[in-house]
Participant: 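Supplied in structure tokens, the structure appears directly below.
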Amino acid sequence: MILMITGGAGFIGSNLILYWLKKYPEDHIINFDSLTYAGNLSNLSSVEKHPHYHFVNGNLCVPEEISSAFEEHRVEAVIHLAAESHVDRSIAGPGQFIQTNVVGTFNLLEAAKEHWRENLAKHRFHHVSTDEVYGSLGETGFFSETTPYSPNSPYSASKASSDHLVRAYRHTFGLNVTTTNCSNNYGPFQFPEKLLPLLIKNCLEQKPIPVYGDGSNIRDWLYVTDHCSAIDTVFHHGKEGETYNIGGLNEWSNIDIIHFVCRLLDEALGRSGKDSCENLISFVKDRPGHDRRYAIDASKIQKELNWRPSFTFEQGIRETISWYLDHQDWVRLVSSGEYQKYYKQQYGSK
Ligand code: NAD
Ligand code: TYD
């Protein structure tokens with residue numbers, strides 16, 4: 001199979017490509033990515049010479065670039081991850097989120113419809129989305145596949161729009177689509193603008209850990225490899241036209257997860273007392289429109305497709321911490337240049 005993975009140089013995309021080439025070495029992977037600040041080919045250095053891996057520097061906002069990749073590589077299936085993915089950036093500058101996440105997804109669907117027109121049912125188009133499309137939960141309850149969409153940030157609104165477009169291309173044109181909506185991921189190669197890698201980076205550099213509001217917002221955390229195995233499961237066995245929620249039944253308030261990771265970091269770095277990472281915790285102004293709680297009901301994918309996460313949270317966090325400790329060069333590489341400007345704008349310090 002010739003599989004195009006969009007956004008393959010980003011956090012989840014690069015984990016997915018490494019996972020896929022190991023599990024399905026006979027498949028051909030076309031990594032279609034425009035290498036924004038979030039895309040780093042060094043994530044894939046271990047497979048760059050793999051005979052079944054091919055990188056295309058292409059932009060979803062330029063329809064001709066998608067079309068020529070489909071033609072040149074005879075793409076047979078798509079897993080679509082490319083997106084602008086950070087909520088804070090969508091607040092500072094929503095325009096690019098509409099371009100990439102909405103218009104870019106539309107362009108990709110159009111290319112698939114055009115290039116696969118002889119047999120649309122034969123080619124799977126899997127769309128990777130987020131639980132944030134469902135909005136915010138109160139103290140109780142979970143997001144299920146039938147929870148009404150209620151996005152609150154420009155990021156989640158743009159992802160919700162892309163989900164609707166994917167749905168419409170199946171309903172109207174018969175494209176063979178599946179969609180997954182996943183909770184917060186963590187793991188290797190995550191850009192240090194997101195909470196956990198930012199926390200690890202700042203602890204290493206003895207910089208304040210910015211906690212938005214009172215730190216009581218809740219997220220449901222899943223190790224990235226478990227997200228990859230869920231995408232794999234739905235791509236191969238998911239029912240055409242269906243959506244599946246993915247989550248780890250692993251809810252943490254931000255402040256609790258920060259304390260937990262600080263304790264593990266103290267252990268790894270031999271810090272204690274006044275040097276403890278916990279002393280770096282610093283409460284800052286809340287994010288505008290900050291969603292209170294996300295929690296996933298993943299019973300559909302569990303019951304229908306027999307998928308379950310295989311990492312415990314402690315295992316996943318320990319793996320993640322040791323990966324960041326072993327890859328400080330990677331952190332330095334991705335956080336030079338543009339990142340410095342972003343950090344100053346977002347947190348008012350260097
Ligand atoms: P990321 O920001 O790390 O990577 C995004 C990738 O897309 C980058 O490589 C970037 O270069 C590429 N890209 C951006 N704009 C592009 C364009 N116009 N054309 C081509 N490539 C472009 O994102 P991520 O965290 O890996 O998320 C991947 C997908 O998973 C996204 O669709 C996101 O909404 C979804 N998701 C993420 C999480 C999470 O916790 N990170 C959770 C659930 C769902
Ligand atoms: P983030 O990693 O940006 O993911 P998302 O907003 O998509 O859930 O943030 C996770 C949680 O951590 C969210 O409630 C916001 C909070 N947060 C902070 O408190 N401080 C920070 O510096 C960041 C980036 C996030």
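Counting starts at 1 for both ligands and their atoms, in listed order. Computed from a predicted structure; not experimentally measured. Start at 1 with the first residue, then count along the sequence.
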Participant: Report the part of N40 in contact with ligand 1, treating N, CA, C, O as backbone and CB onward as side chain, heavy atoms under 4.0 Å; options are side chain, backbone, both, neither.
Facilitator: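 Looking at N40 and ligand 1, no heavy atom falls under 4.0 Å.
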Participant: Going by the order shown, which atoms of ligand 2 are within less than 4.0 Å of some heavy atom of H86?
Facilitator: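 Close to H86: 3 (O).
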Participant: What protein heavy atom sits nearest atom 32 (O) of ligand 1, and how far away is it?
Facilitator: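 Of the protein heavy atoms, K159 NZ, 2.6 Å lies nearest.
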Participant: Is the closest side-chain heavy-atom distance between V224 and F11 below 4.5 Å?
Facilitator: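 The answer is yes, as the side chains (C-beta and beyond) meet within the 4.5 Å cut-off.
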Participant: If you measure every N or O of N184 against every N or O of ligand 1, does any of those distances drop under 3.5 Å?
Facilitator: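 No - when backbone and side-chain N and O of N184 are compared with those of ligand 1, no distance drops under 3.5 Å.
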Participant: Of the listed options (I12, V56, L41), which comes nearest to atom 39 (C) of ligand 1 when hydrogens are ignored and any heavy atom counts?
Facilitator: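 Going through I12, V56, L41 one by one, I12 has the nearest heavy atom to atom 39 (C) of ligand 1.
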Participant: Does the side chain of T100 come under 3.5 Å of the side chain of Q96 through a donor N or O and an acceptor N or O?
Facilitator: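 Side chains of T100 and Q96: pair found under 3.5 Å.
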Participant: If we only count N/O pairs under 3.5 Å, is A82 in contact with ligand 1?
Facilitator: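 No; every N/O pair is 3.5 Å or more apart.
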Participant: For ligand 2, does L195 get within less than 4.0 Å through its side chain, its backbone, both, or neither, judged by non-hydrogen atoms?
Facilitator: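 Both backbone and side chain.
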Participant: Which residue owns the protein heavy atom closest to atom 4 (O) of ligand 2, what's the atom, and how far is it?
Facilitator: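 Looking at atom 4 (O) of ligand 2, the protein heavy atom closest to it is N184 ND2, 3.3 Å.
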Participant: Using the rule that Ile, Leu, Val, Met, Phe, Trp and Tyr join whenever any side-chain heavy atoms are under 4.5 Å apart, tell me whether M1 and I5 fall into a single cluster.
Facilitator: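 The answer is yes; both residues are in one hydrophobic cluster.
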Participant: How many angstroms lie between CG in D266 and CD in E278, if you round to the nearest 0.5 Å?
Facilitator: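 Here the rounded value is 6.5 Å.
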Participant: Has H50 got a side-chain atom pairing as donor or acceptor with H52's backbone, closer than 3.5 angstrom?
Facilitator: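 At least one qualifying donor-acceptor pair exists.
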Participant: Do R74 and E71 sit within salt-bridge range, that is, some charged N less than 4.0 Å from a carboxylate O?
Facilitator: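 So R74 does not pair with E71 through a salt bridge.
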Participant: Does ligand 1 come near enough to D33 that some N or O of the ligand is less than 3.5 Å from an N or O of the residue?
Facilitator: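 Checking ligand 1 against D33, an N or O pair does fall under 3.5 Å apart.
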Participant: Are side-chain N/O atoms of Y223 and N15 paired as donor and acceptor at under 3.5 Å?
Facilitator: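 Side chains of Y223 and N15: no pair found under 3.5 Å.
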Participant: Please identify which atoms of ligand 1 are closer than 4.0 Å to at least one heavy atom of L35.
Facilitator: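 Reading through ligand 1 atom by atom, the close ones are 11 (O).
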Participant: Do the side chains of R89 and E84 get close enough for a salt bridge, i.e. N-O under 4.0 angstrom?
Facilitator: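 Salt bridge: no.
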Participant: Ignoring hydrogens and angles, state whether a donor on the side chain of S42 or N40 is under 3.5 Å from an acceptor on the partner side chain.
Facilitator: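 S42 vs N40: no donor-acceptor pair found between side chains.
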Participant: Taking only heavy atoms of V211, which atoms of ligand 2 are found under 4.0 Å from at least one of them?
Facilitator: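 Atoms satisfying the 4.0 Å criterion: 19 (O).
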Participant: Return the closest protein heavy atom for atom 7 (O) of ligand 2 as residue, atom name and distance.
Facilitator: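 Result: E132 OE2, 2.5 Å.
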Participant: For D33 and A9, indicate whether the former's side chain and the latter's backbone hold a donor-acceptor pair under 3.5 Å.
Facilitator: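 Answer holds: yes.
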Participant: Hey, are the side chains of C262 and L199 touching, using non-hydrogen atoms and a 4.5 Å cut-off?
Facilitator: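 They are in contact (side-chain heavy atoms under 4.5 Å apart), so the answer is yes.
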Participant: Given side chains that start at C-beta, do those of E139 and I218 come closer than 4.5 Å, heavy atoms only?
Facilitator: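 In short, these two side chains do not touch, never coming nearer than 4.5 Å.
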Participant: Answer yes if the side chains of S183 and W221 hold a donor-acceptor pair under 3.5 Å, and no otherwise.
Facilitator: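 There is no such pair between these side chains.
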Participant: Does any N or O atom in N185 lie less than 3.5 angstrom from one in ligand 1, N or O only?
Facilitator: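 Between N185 and ligand 1, an N or O pair is found under 3.5 Å apart.
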Participant: With a 3.5 Å distance limit and no angle check, can you tell me whether E65 reaches the backbone of V62 through a side-chain donor-acceptor pair?
Facilitator: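 No; zero donor-acceptor contacts below 3.5 Å.
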Participant: May I ask whether E193 has any heavy atom positioned less than 4.0 angstrom from an atom of ligand 2?
Facilitator: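 Contact check E193 vs ligand 2: positive.
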Participant: I'd like to check whether Y155 has a polar contact with ligand 1, where a contact means an N/O of the residue lying under 3.5 Å from an N/O of the ligand.
Facilitator: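 Looking only at distances, the answer is yes, because the N/O contact criterion of under 3.5 Å is met.
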Participant: What is the closest protein heavy atom to atom 35 (C) of ligand 1, and at what distance does it sit?
Facilitator: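 Residue, atom and distance for the closest contact: V128 CG1, 4.1 Å.
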Participant: Specify side chain, backbone, both or neither for L198, according to which of its non-hydrogen atoms lie closer than 4.0 Å to ligand 2.
Facilitator: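 The answer is the side chain of L198.
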Participant: Of the backbone atoms (N, CA, C, O) and the side-chain heavy atoms from C-beta on, which set of D291 has a member under 4.0 Å from an atom of ligand 2: side chain, backbone, both, or neither?
Facilitator: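 Neither part.
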Participant: For atom 4 (O) of ligand 1, what is the closest protein heavy atom, and at what distance to 0.1 Å?
Facilitator: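 Answer for atom 4 (O) of ligand 1: G10 CA, 3.4 Å.
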Participant: Among all protein heavy atoms, pick the one closest to atom 6 (O) of ligand 2 and tell me residue, atom and distance.
Facilitator: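 Checked against all protein heavy atoms, atom 6 (O) of ligand 2 sits closest to R287 NH1, 2.5 Å.
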Participant: Could you say whether the N/O atoms of K194 and ligand 2 ever approach to under 3.5 Å?
Facilitator: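 No, K194 has no N/O under 3.5 Å of an N/O on ligand 2.
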Participant: Check whether the side chains of S85 and K194 place a donor and an acceptor atom closer than 3.5 Å, and report yes or no.
Facilitator: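 Distance-only check passes for S85 and K194.
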Participant: Please check whether Y37 reaches ligand 1 - meaning an N/O of the residue sits under 3.5 Å from an N/O of the ligand, judged on distance alone.
Facilitator: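 Such a contact does not occur with ligand 1.
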Participant: Counting heavy atoms only, which part of Q99 comes closer than 4.0 Å to ligand 1: side chain, backbone, both or neither?
Facilitator: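 Neither part.
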Participant: Students should be able to answer this: which protein heavy-atom is nearest to atom 16 (C) of ligand 2, and at what distance?
Facilitator: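 The closest heavy atom on the protein side is N254 ND2, 3.4 Å.
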Participant: Are side-chain heavy atoms of R124 and V78 found at a separation under 4.5 Å?
Facilitator: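 R124 does not reach V78 side chain to side chain.
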Participant: Among protein heavy atoms, which sits nearest to atom 44 (C) of ligand 1, and what does the distance come to when rounded to 0.1 Å?
Facilitator: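 Going by distance alone, atom 44 (C) of ligand 1 is nearest to S129 O, 3.2 Å.
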Participant: Under 4.0 Å from a heavy atom of H290: which atoms of ligand 2 are those, numbered in the order shown and with their elements?
Facilitator: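 Heavy-atom distances to H290 below 4.0 Å select 13 (C), 14 (O), 15 (C).
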Participant: Tell me: protein heavy atom nearest atom 20 (N) of ligand 2, and distance?
Facilitator: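 Nearest neighbour among protein heavy atoms for atom 20 (N) of ligand 2, to 0.1 Å: P210 O, 2.8 Å.
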Participant: In terms of atom number and element, which parts of ligand 1 are under 4.0 angstrom from non-hydrogen atoms of G39?
Facilitator: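 So the answer, numbered in order with elements, is 8 (C), 9 (O), 11 (O).
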Participant: Distance to 0.1 Å, residue and atom name: give those for the protein heavy atom nearest to atom 1 (P) of ligand 1.
Facilitator: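 Heavy-atom neighbour on the protein nearest atom 1 (P) of ligand 1: S85 OG, 3.6 Å.
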Participant: Among side-chain atoms of R308 and N306, is any donor-acceptor pair under 3.5 angstrom?
Facilitator: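 Yes, a side-chain donor-acceptor pair sits under 3.5 Å.
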Participant: Within the structure, does C182 bring an N/O atom to less than 3.5 angstrom of an N/O atom in ligand 1?
Facilitator: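 No, C182 has no N/O under 3.5 Å of an N/O on ligand 1.
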Participant: Determine whether the side chains of S129 and D163 contain a donor N or O and an acceptor N or O closer than 3.5 Å.
Facilitator: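 A pair is found: one side chain offers a donor N or O, the other an acceptor, under 3.5 Å apart.
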Participant: Could you walk me through whether D232 and Y19 pass the side chain to side chain donor-acceptor pair (under 3.5 Å) test, one step at a time?
Facilitator: CA-CA 9 Å; D232 171 11; Y19 166 100; 2.6 Å; yes
Participant: Quick check: does T36 get an N/O under 3.5 Å from an N/O on ligand 1?
Facilitator: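 Yes: some nitrogen or oxygen of T36 is under 3.5 Å from one in ligand 1.
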Participant: How far is atom 3 (O) of ligand 1 from its nearest protein heavy atom, and which residue and atom is that?
Facilitator: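 Nearest neighbour among protein heavy atoms for atom 3 (O) of ligand 1, to 0.1 Å: F11 N, 3.0 Å.
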Participant: Give the residue and atom name of whichever protein heavy atom lies nearest to atom 8 (O) of ligand 2, and the separation in Å to one decimal.
Facilitator: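 Looking at atom 8 (O) of ligand 2, the protein heavy atom closest to it is R219 NE, 2.8 Å.
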Participant: Look at the side chain of E114 and the backbone N and O of A111, then say whether any donor-acceptor pair between them is shorter than 3.5 Å.
Facilitator: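 The answer is no, because no donor-acceptor pair under 3.5 Å joins these two groups.
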Participant: Ligand 1 and N59, any nitrogen or oxygen pair closer than 3.5 angstrom?
Facilitator: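 Looking only at distances, the answer is yes, because the N/O contact criterion of under 3.5 Å is met.
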Participant: Return yes when S14 approaches ligand 1 closer than 4.0 angstrom through a heavy atom, no otherwise.
Facilitator: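 No, that is not the case, since the closest heavy atom of the residue is not under 4.0 Å from the ligand.
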Participant: Looking only at protein heavy atoms, identify the closest one to atom 19 (O) of ligand 2 and say how far it is in Å.
Facilitator: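 Protein heavy atom at minimum distance: Y212 N, 2.9 Å.
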Participant: Assess Y347 for proximity to ligand 2: is some non-hydrogen atom of it under 4.0 Å away?
Facilitator: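 In this structure, Y347 qualifies as a contact of ligand 2 - some heavy atom is under 4.0 Å.
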Participant: Where the side chain of D291 meets the backbone of R293, is there a donor-acceptor pair that is under 3.5 Å apart?
Facilitator: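 Checking the backbone N and O of R293 against the side chain of D291, no donor-acceptor pair under 3.5 Å is found.
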Participant: Numbering the atoms of ligand 1 from 1, which are under 4.0 Å from a heavy atom of S183?
Facilitator: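 Close to S183: 42 (C), 43 (C).
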Participant: Going by the atom numbers of ligand 2, which of them fall below 4.0 Å from some non-hydrogen atom of V87?
Facilitator: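 Within the 4.0 Å cut-off of V87, ligand 2 contributes 6 (O), 7 (O).
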Participant: Using a 4.5 Å cut-off on heavy atoms from C-beta on, say whether the side chain of I257 contacts that of F313.
Facilitator: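 Yes, at least one pair of side-chain atoms sits under 4.5 Å.
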Participant: Starting from atom 28 (C) of ligand 1, which protein heavy atom do you reach first, and at what distance in Å?
Facilitator: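 That would be L81 O, 3.5 Å.
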Participant: So if I count the atoms of ligand 1 from 1 in the order they appear, which ones are less than 4.0 Å from some heavy atom of G58?
Facilitator: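 Going through ligand 1 atom by atom, the ones under 4.0 Å from G58 are 19 (N), 20 (C).
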Participant: Students should be able to answer this: which protein heavy-atom is nearest to atom 21 (N) of ligand 1, and at what distance?
Facilitator: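 Checking every protein heavy atom, the shortest distance to atom 21 (N) of ligand 1 gives S34 N, 3.1 Å.
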